[in-house]
> 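I'd like to ask you about the structure that follows.
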Amino acid sequence: MAQQLDFSGRTQLYFQLYDILYREIRDGVYKPGQLLPTESTLMEQYHISRITVRKALDLLMNDGLIARRRGLGTFVQNKKVEQTLTRVEHFANEMEKRGVASSVTMLANEPLYASRAIAGWLDIEEGDELIRVERLRYADGVPMCIENSHLIRSRCPGVQGQDFSRRSLRRFLEEEYGIVWKRASQRIYAVSAGARAAGYLGIKEGDPLLYIERVSYDTDDRPGEYLQAWYRGDSYYFTAALKA
């Protein structure tokens with residue numbers, strides 16, 4: 001039997017409903033991607049007003065637990081994954097620390113020529129040969145981000161043809177070529193998902209993404225990788241420790 005509200009006045013009704021729905025989401029009664037009962041259903045079930053229901057749902061939305069989509073209803077958000085910004089960390093390592101299973105699908109491993117912009121980032125000549133490795137990364141089976149790595153071909157020609165869904169690109173570079181990333185600089189933007197990214201990430205075109213541009217430097221302080229990454233805005237967030 002569903003838990004009922006206490007109308008004695010000791011606790012606001014909207015907060016009681018929030019607490020019930022919060023625990024049901026936490027305990028898996030409502031799973032990520034599943035629709036919550038409609039406002040009308042909740043009003044009838046708990047004998048409360050629409051305003052009370054909406055206040056409870058607003059609290060859940062502020063917590064990042066639910067989202068509303070016009071014409072569809074209110075559904076449970078995927079659990080958000082945290083990544084720190086204080087060091088260059090491998091996606092799989094970050095997920096492992098948080099008890100999240102990571103996996104990868106290869107989307108591309110191909111040669112191309114450096115554009116003027118990428119050449120500037122990597123301190124090479126426009127038209128120099130690169131290898132582009134594109135991967136779709138998952139956390140607990142949920143598509144989480146698309147990573148597009150551009151590497152200088154002359155420094156690691158054996159990258160082309162490798163299947164990096166089964167082995168770590170970073171470990172391959174270290175073991176085969178002695179390339180270790182010492183530091184990186186990056187920029188983060190809020191962008192909207194295009195059709196291609198939305199299709200791979202299982203979201204709607206126009207949904208929010210976190211977009212990263214990163215240049216990684218080796219132990220000789222030479223730029224060696226230009227990375228583009230698109231992270232789902234509904235499932236991912238970044239943290240950084242700041243000093244006053």
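All values derive from a computational prediction rather than experimental measurement.
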> Got a sec, which residues hit side chain to side chain contact (heavy atoms under 4.5 Å, CB included) with Arg187, two or more places apart in sequence or on another chain?
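Once residues adjacent in sequence are excluded, the partners of Arg187 under the side chain to side chain contact (heavy atoms under 4.5 Å, CB included) criterion are Trp121, Tyr189, Glu213.
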> With sequence neighbours left out, write down each residue that passes side chain to side chain contact (heavy atoms under 4.5 Å, CB included) with Ser154, or none if nothing qualifies.
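Ser154 satisfies side chain to side chain contact (heavy atoms under 4.5 Å, CB included) with Ile152 once adjacent residues are dropped.
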> So do the side chains of Pro111 and Gln160 get within less than 4.5 Å of each other, counting heavy atoms only?
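The answer is yes, as the side chains (C-beta and beyond) meet within the 4.5 Å cut-off.
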> What's the verdict on side-chain contact (heavy atoms from CB on, under 4.5 Å) for Ile48 and Phe7, showing C-alpha distance, side-chain angles and the deciding distance?
CA-CA 10 Å; Ile48 51 179; Phe7 287 82; 4.1 Å; yes
> So Arg183 and Asp221, do their side chains get closer than 4.5 Å, heavy atoms only?
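Contact flag for Asp221/Arg183 side chains = yes.
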> Identify whether Ile124 and Ile118 are in the same connected component of the hydrophobic contact network (ILVMFWY, side-chain heavy atoms under 4.5 Å).
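Yes, Ile124 and Ile118 fall within the same hydrophobic cluster.
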> With sequence neighbours excluded, tell me which residues meet side-chain hydrogen bond (donor to acceptor under 3.5 Å, both in side chains) with Asp128.
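Here no residue qualifies.
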> Under 3.5 Å, which donor-acceptor pairs link side chains of residues 192-201 to any protein atom two or more places apart or in another chain?
residue: Arg196; atom: NH1; partner: Glu134; partner atom: OE2; Å: 3.0
residue: Arg196; atom: NH2; partner: Glu134; partner atom: OE1; Å: 2.9

> Decide yes or no for Leu17 and Leu13: does some side-chain heavy atom of the first lie under 4.5 Å from some side-chain heavy atom of the second?
no
> Using the rule that Ile, Leu, Val, Met, Phe, Trp and Tyr join whenever any side-chain heavy atoms are under 4.5 Å apart, tell me whether Ile25 and Tyr14 fall into a single cluster.
yes
> Which heavy atom of Gly158 sits nearest to which heavy atom of Gln162, and what is that distance?
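Looking at all heavy atoms of both residues, the closest pair is O-CG, 3.2 Å.
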> Just jot down the side chain to side chain contact (heavy atoms under 4.5 Å, CB included) partners of Asp207, sequence neighbours excluded, or say none.
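Listed in chain order: Arg69, Ile203, Lys204.
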> Give the C-alpha distance, both sets of side-chain angles, the deciding distance and a yes or no for side-chain contact (heavy atoms from CB on, under 4.5 Å) between Tyr46 and Ile20.
CA-CA 11 Å; Tyr46 292 101; Ile20 290 172; 3.7 Å; yes
> Got a sec, which residues hit salt bridge (charged side-chain N to carboxylate O under 4.0 Å, His left out) with Glu129, two or more places apart in sequence or on another chain?
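Arg153.
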> Could you list the residues that satisfy salt bridge (charged side-chain N to carboxylate O under 4.0 Å, His left out) with Arg68, not counting sequence neighbours?
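In terms of salt bridge (charged side-chain N to carboxylate O under 4.0 Å, His left out), with neighbours along the sequence ignored, Arg68 is linked to Asp58.
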> Given Asp19 and Arg23, is the salt bridge (charged side-chain N to carboxylate O under 4.0 Å, His left out) satisfied, shown in steps?
CA-CA 6 Å; Asp19 189 54; Arg23 283 187 276 109; 3.1 Å; yes
> Looking at Arg26, I'd like to know if its CZ atom is crowded, meaning that more than 12 non-hydrogen atoms belonging to other residues, nucleotides or ligands lie closer than 6.0 Å.
yes
> Spell out, yes or no, whether Ile51 and Leu21 are grouped together once hydrophobic residues are joined by side-chain heavy atoms under 4.5 Å, including indirect joins.
no
> Taking the side chain as every heavy atom from C-beta outward, state whether Tyr177 and Pro157 have any atom pair closer than 4.5 Å.
yes
> Donor-acceptor pairs are to be reported for all side-chain atoms of residues 27-37 against protein atoms at under 3.5 Å, with residues two or more places apart or in another chain.
residue: Lys31; atom: NZ; partner: Gly28; partner atom: O; Å: 2.8
residue: Gln34; atom: OE1; partner: Lys31; partner atom: N; Å: 3.1

> If the condition is side-chain hydrogen bond (donor to acceptor under 3.5 Å, both in side chains), which residues does Thr38 pass it with, not counting sequence neighbours?
Thr41
> Less than 4.5 Å apart, side chain to side chain, heavy atoms only: is that true for Leu173 and Trp181?
yes
> Using modelled atom types and a 3.5 Å cut-off, is there a donor and acceptor pairing between side-chain atoms of Glu110 and backbone atoms of Val133?
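A pair under 3.5 Å: no.
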> Any chain of hydrophobic side-chain contacts (each under 4.5 Å) joining Met43 to Tyr18?
yes
> For Asn109, what residues pass the side-chain hydrogen bond (donor to acceptor under 3.5 Å, both in side chains) criterion, not counting sequence neighbours?
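Checked Asn109 against side-chain hydrogen bond (donor to acceptor under 3.5 Å, both in side chains); zero matches.
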> Are Glu225 and Ser149 close enough, and set up right, to give a side-chain hydrogen bond (donor to acceptor under 3.5 Å, both in side chains), and what steps lead you there?
CA-CA 7 Å; Glu225 180 191 42; Ser149 298; 3.0 Å; yes
> Could you give the distance from CD1 (Ile146) to OG1 (Thr105), rounded to the nearest 0.5 Å?
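Interatomic distance, Ile146 CD1 to Thr105 OG1, rounded to 0.5 Å: 11.0 Å.
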> Among residues at least two apart in sequence or on other chains, which ones pass side chain to side chain contact (heavy atoms under 4.5 Å, CB included) with Arg54?
Glu39, Arg50
> Within the distance-only criterion (no hydrogens, no angle test), does the side chain of His150 pair as donor or acceptor with the backbone N or O of Arg132 below 3.5 angstrom?
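Checked: no pair found.
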> Rounded to the nearest 0.5 Å, what separation is found between the OG atom of Ser49 and the NZ atom of Lys55?
8.0 Å
> Could you tell me which residues satisfy ring-ring contact (aromatic ring centres under 6.0 Å, His included) with Phe164, sequence neighbours excluded, listed by chain and number?
Phe172
> Should we say atom CD of Glu126 is surrounded by more than 12 heavy atoms from elsewhere, each under 6.0 Å from it?
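Yes, CD of Glu126 has more than 12 neighbouring heavy atoms, counting only those of other groups under 6.0 Å.
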> Please name the residue in the list Leu227, Leu169, Leu130 that meets the side-chain contact (heavy atoms from CB on, under 4.5 Å) test with Leu151.
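Between Leu151 and the candidates, side-chain contact (heavy atoms from CB on, under 4.5 Å) is satisfied uniquely by Leu169.
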> Quick check: is Val191 connected to Tyr226 through a chain of hydrophobic side chains (ILVMFWY, heavy atoms under 4.5 Å apart)?
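Yes, because Tyr226 and Val191 connect within a single hydrophobic cluster, where side-chain heavy atoms sit under 4.5 Å apart.
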> Quick one: pull up CH2 in Trp230 and SG in Cys145 and give me the separation to the nearest 0.5 Å.
10.5 Å
> Stepwise, does the side-chain contact (heavy atoms from CB on, under 4.5 Å) test hold for Phe75 with Ile66?
CA-CA 6 Å; Phe75 63 96; Ile66 64 171; over 6 Å; no
> Would you confirm whether Asp220, through its side chain, and Arg222, through its main-chain N or O, come within 3.5 Å as a donor-acceptor pair?
no
> Between CG of Leu122 and OG of Ser216, what distance do you get to the nearest 0.5 Å?
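OG of Ser216 is found 9.5 Å from CG of Leu122.
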> Can you find a heavy atom in the side chain of Leu60 that is under 4.5 Å from one in the side chain of Tyr22?
yes
> Give a yes-or-no answer on whether the side chains of Gln228 and Tyr211 include a donor-acceptor pair shorter than 3.5 Å.
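Short answer, yes.
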> Do Tyr231 and Leu209 touch side chain to side chain, with heavy atoms closer than 4.5 Å?
no
> Leu136 and Glu147: side-chain contact (heavy atoms from CB on, under 4.5 Å), yes or no, with the steps?
CA-CA 6 Å; Leu136 177 61; Glu147 287 188 351; over 6 Å; no
> Less than 4.5 Å apart, any side-chain heavy atom of Arg137 and any of Pro143?
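Arg137 does not reach Pro143 side chain to side chain.
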